[in-house]
Amino acid sequence: MELNNLPTFYTLVMRALAKLPARIAFKQDGAQLSYLQVRALIAGKQAVFRAHGFARGTRIAFLSENRPEPWCANVAAQGLGIATTWLHPLSALDLHVEQLAELGAVALVIDTDAFVARARELADRVPGLTIFSVGGTTVGLDLVSLADESRDVPALDIAMPGDIVNLSLTGGTTGRSKIVMKSGASVSMQSIILSGELGMPTCPNYLALAPISHVSGQLILPTLMRGGTIHLARKFDADSFVEIVEREGINATLMVPTMVYRLLDAAPDRTALRSLELIAYAGSVISPDRLGQAMDLVGPVFAQIYAQAECTPIAILSKEHHDRNDPASLQACGTPVSTVQVAIASQAGEYESDPGKIGEICVRGPAVTAGYLDNPAETDAALADDWLHTGDIGFIDAFGRLSIVDRKKDMIVTGGSNVYPREVEDLLNSHPDVSSCAVIGVPHDSWGEAVHAVIVLRPDRKLPAEALQHYVRDRKGPLYAPKTVDIVDSLPLTAVGKIDKQALRAPFWEGRARNVA
């Protein structure tokens with residue numbers, strides 16, 4: 001019913017920009033854009049899309065580092081009911097070609113300062129694709145110049161709340177990516193909840209570190225809704241992060257756990273970080289020990305967002321619920337946000353919320369995906385019994401907090417017993433010489449799978465692999481102790497900053513009929 005419709009994401013963006021036209025919306029590399037200028041950029045880019053005949057239901061892809069122009073183009077397209085997709089910056093050419101075909105994309109907006117070679121390759125490989133470039137080198141059509149010519153054309157808000165306007169590629173950490181469909185109302189709901197429940201500063205001075213095409217971008221609209229400014233970083237570097245925070249008085253940011261670990265390893269001066277009021281963290285499970293160390297460094301400013309492409313957010317662990325003296329609180333991923341129902345699926349097919357029961361976390365609510373594009377089998381499995389099945393194994397505690405034990409597909413079955421990698425990872429991350437780690441199952445002739453650990457040590461630390469094996473065995477027993485350990489300089493990451501366990505598993509399972517990835 002239209003009477004009960006939510007506003008779309010586009011509506012919320014344009015409303016926020018209209019309220020405070022003189023405020024600064026974006027800052028990057030010494031340049032800045034006001035709220036009024038961003039509205040004009042959105043209107044101009046929308047006029048370009050309309051001139052090319054792109055109408056409701058068509059699809060446009062984006063490939064960019066952090067910069068304001070593609071974000072504005074994304075908003076412009078959604079206002080016309082066009083579905084938008086952000087390609088992974090680290091994906092191979094063949095995968096980009098494949099994804100553009102699966103999406104049925106009519107156009108690609110690409111950052112040629114970062115991806116000029118890829119722009120030319122895609123122009124050759126995907127016939128009929130209209131390419132708009134944003135950057136110093138023009139490949140295809142210069143979107144910035146075309147939009148500037150149309151900057152006085154009024155913007156249109158013609159998308160319906162039920163229009164599918166966001167097609168997001170899943171992280172691909174457990175296999176081939178799927179294309180998640182989200183409506184305009186669903187995308188706006190996530191911004192409303194994050195603005196109201198995350199604990200953002202009254203007027204955020206937000207530093208976007210991770211790609212805004214993914215998790216970091218979820219806080220752009222909440223920042224604008226509060227009259228704040230978004231500072232765009234192209235890449236994360238611990239020293240540069242500290243310098244920007246101190247120079248710009250940054251009071252909010254979002255990190256994936258690997259960034260938190262690298263910040264800790266850099267051992268910054270805590271006084272340089274004193275302006276921070278919120279560090280949200282998301283993307284993957286964080287080590288409780290390293291989280292505690294981060295709280296000791298920066299203070300009680302951390303808040304966790306538990307989410308996935310299929311539903312954002314699911315739960316938030318607020319700053320107030322991070323208790324340094326309560327280890328269970330640092331292992332939790334939060335209490336369900338006000339717009340979702342959460343249940344634990346039992347093996348008997350029941351959905352319960354009794355404290356302590358371990359099973360798959362399932363979710364209902366208005367921000368849940370409409371399904372996977374052109375993939376009815378995966379859609380039916382993910383939304384079985386009218387619940388979103390997250391693939392995360394966890395439990396609800398006596399305080400109503402969700403805790404994740406592990407990813408369902410990451411579980412290691414060794415000698416008939418189940419080992420959840422997170423238990424081993426948390427223990428290894430508590431070792432004073434360990435910076436970060438990943439635990440996976442590798443093939444074993446006798447046990448089916450064996451526990452294997454890949455370890456990154458802290459700077460200037462040296463430690464034999466056997467010491468880490470004993471560290472786990474002494475504290476959890478031989479079942480959990482890694483049978484093999486690799487000590488490496490760095491762990492492979494996905495485009496959104498998660499540890500890429502699929503890449504770690506691949507060499508061990510190559511040529512085998514069964515791959516537990």
task: Rounded to the nearest 0.5 Å, what's the gap from OG1 on Thr130 to CG on Leu108? Could you check?
output: 10.0 Å
field: Donor-acceptor pair, side chain of Thr8 and main chain of Gly184, under 3.5 angstrom
entry: no
- line: Scanning both residues in full, the closest heavy-atom pair of Ser64 with Trp86 reads CB-CZ3, 4.2 Å
- prompt: Do Gln190 and Lys182 have side-chain heavy atoms sitting under 4.5 Å apart?
  reply: yes
query: Does a side chain donor of either Glu197 or Ser338 reach within less than 3.5 Å of an acceptor in the other side chain?
result: yes
field: Separation between OG1 of Thr312 and CE of Met189, rounded to the nearest 0.5 Å
entry: 13.0 Å
task: For the pair Asp29 and Arg234, find out whether any cationic side-chain nitrogen is under 4.0 Å from an anionic carboxylate oxygen.
output: yes
- prompt: Has the side chain of Arg226 got a donor or acceptor atom that lies under 3.5 Å from a matching backbone atom of Pro201?
  reply: yes
message: Using 0.5 Å steps for rounding, measure from the OG1 atom of Thr253 to the CE atom of Met259.
response: 8.0 Å
message: Could you check whether Phe132 and His52 have their ring centres less than 6.0 Å apart?
response: yes
- prompt: Is the backbone of Ala55 close enough, under 3.5 Å, to the side chain of Thr58 for a donor and an acceptor to pair up by distance?
  reply: yes
- prompt: Hey, what do you get for CG (Leu232) to CD (Gln28), rounding to the nearest 0.5 Å?
  reply: 5.0 Å
message: Could you go through Leu276 and Ile250, starting from their C-alpha distance and side-chain angles, then the distance that decides it, and tell me whether this counts as side-chain contact (heavy atoms from CB on, under 4.5 Å)?
response: CA-CA 6 Å; Leu276 285 167; Ile250 299 298; 4.1 Å; yes
message: As an exercise, state the distance from CG of Leu198 to OG of Ser191, rounded to the nearest 0.5 Å.
response: 11.5 Å
query: CD1/Ile82 to CD1/Ile164 distance, rounded to the nearest 0.5 angstrom?
result: 14.5 Å
message: With a 3.5 Å distance limit and no angle check, can you tell me whether Asn66 reaches the backbone of Ala233 through a side-chain donor-acceptor pair?
response: yes
Asp265 bridged to Arg290 by N-O distance under 4.0 Å: yes
query: Can you tell which of Ile499, Leu504, Val439 makes a side-chain contact (heavy atoms from CB on, under 4.5 Å) with Val454?
result: Leu504
- request: May I ask you to decide if Ala185's main-chain N or O and Ser188's side chain share a donor-acceptor pair within less than 3.5 Å?
  value: yes
task: Among Thr11, Leu6, Val13, find the one that has a side-chain contact (heavy atoms from CB on, under 4.5 Å) with Phe9.
output: Val13
Show every donor-acceptor pair shorter than 3.5 Å between a side-chain atom in residues 44-51 and any protein atom, with sequence neighbours excluded, or say none if there are none.
| residue | atom | partner | partner atom | Å |
| --- | --- | --- | --- | --- |
| Gln46 | OE1 | Leu156 | N | 2.5 |
| Gln46 | NE2 | Ala76 | O | 3.2 |
| Gln46 | NE2 | Leu156 | O | 2.9 |

- request: Quick one: do Leu93 and Val97 satisfy side-chain contact (heavy atoms from CB on, under 4.5 Å)? Show the steps, please.
  value: CA-CA 6 Å; Leu93 172 62; Val97 171; 4.1 Å; yes
field: Distance-minimising heavy-atom pair for Thr369 and Met181
entry: OG1-O, 2.8 Å
message: Side chains of Val139 and Ile110, heavy atoms from C-beta outward: is any pair under 4.5 Å?
response: no
With sequence neighbours excluded, residues passing side chain to side chain contact (heavy atoms under 4.5 Å, CB included) with Thr138: Ser133, Asp142
- request: Output yes when a side-chain donor or acceptor of Arg364 lies under 3.5 Å from a complementary backbone atom of Gln341, and no otherwise.
  value: no
- prompt: Is Leu254 close to Leu209 at the side-chain level, that is, under 4.5 Å between some pair of heavy atoms?
  reply: no
- prompt: Given side chains that start at C-beta, do those of Phe236 and Thr258 come closer than 4.5 Å, heavy atoms only?
  reply: no
query: Any side-chain heavy atom of Ser216 sitting closer than 4.5 Å to one from Tyr206?
result: yes
statement: All heavy atoms of Gly228 vs all of Cys203, minimum pair found to be CA-SG, 4.0 Å
query: Sub-3.5 Å donor-acceptor pair from the side chain of Gln99 to the main-chain atoms of Leu87, do we have one?
result: no
- request: Sort and list the pairs that fulfil side-chain hydrogen bond (donor to acceptor under 3.5 Å, both in side chains) and have at least one residue in residues 68-78, not counting sequence neighbours.
  value: Arg67-Glu69, Asn74-Thr84, Gln78-Thr84
- line: All heavy atoms of Ile314 vs all of Cys311, minimum pair found to be CG1-O, 3.6 Å
Leu63 to His88 - nearest heavy-atom pair and separation: CD1-O, 4.0 Å
message: Within the 4.5 Å heavy-atom criterion, are Glu65 and Asp113 side-chain neighbours or not?
response: no
query: What closest approach, in Å, do Ala303 and Leu278 show between heavy atoms, and which atom pair accounts for it?
result: CB-CD1, 3.7 Å
- prompt: Does the distance from a Lys or Arg side-chain N to an Asp or Glu carboxylate O, for Glu121 and Arg118, drop under 4.0 Å?
  reply: yes
message: Does this structure show an ion pair linking Arg505 with Asp410, if we count only N-O contacts that are shorter than 4.0 Å?
response: yes
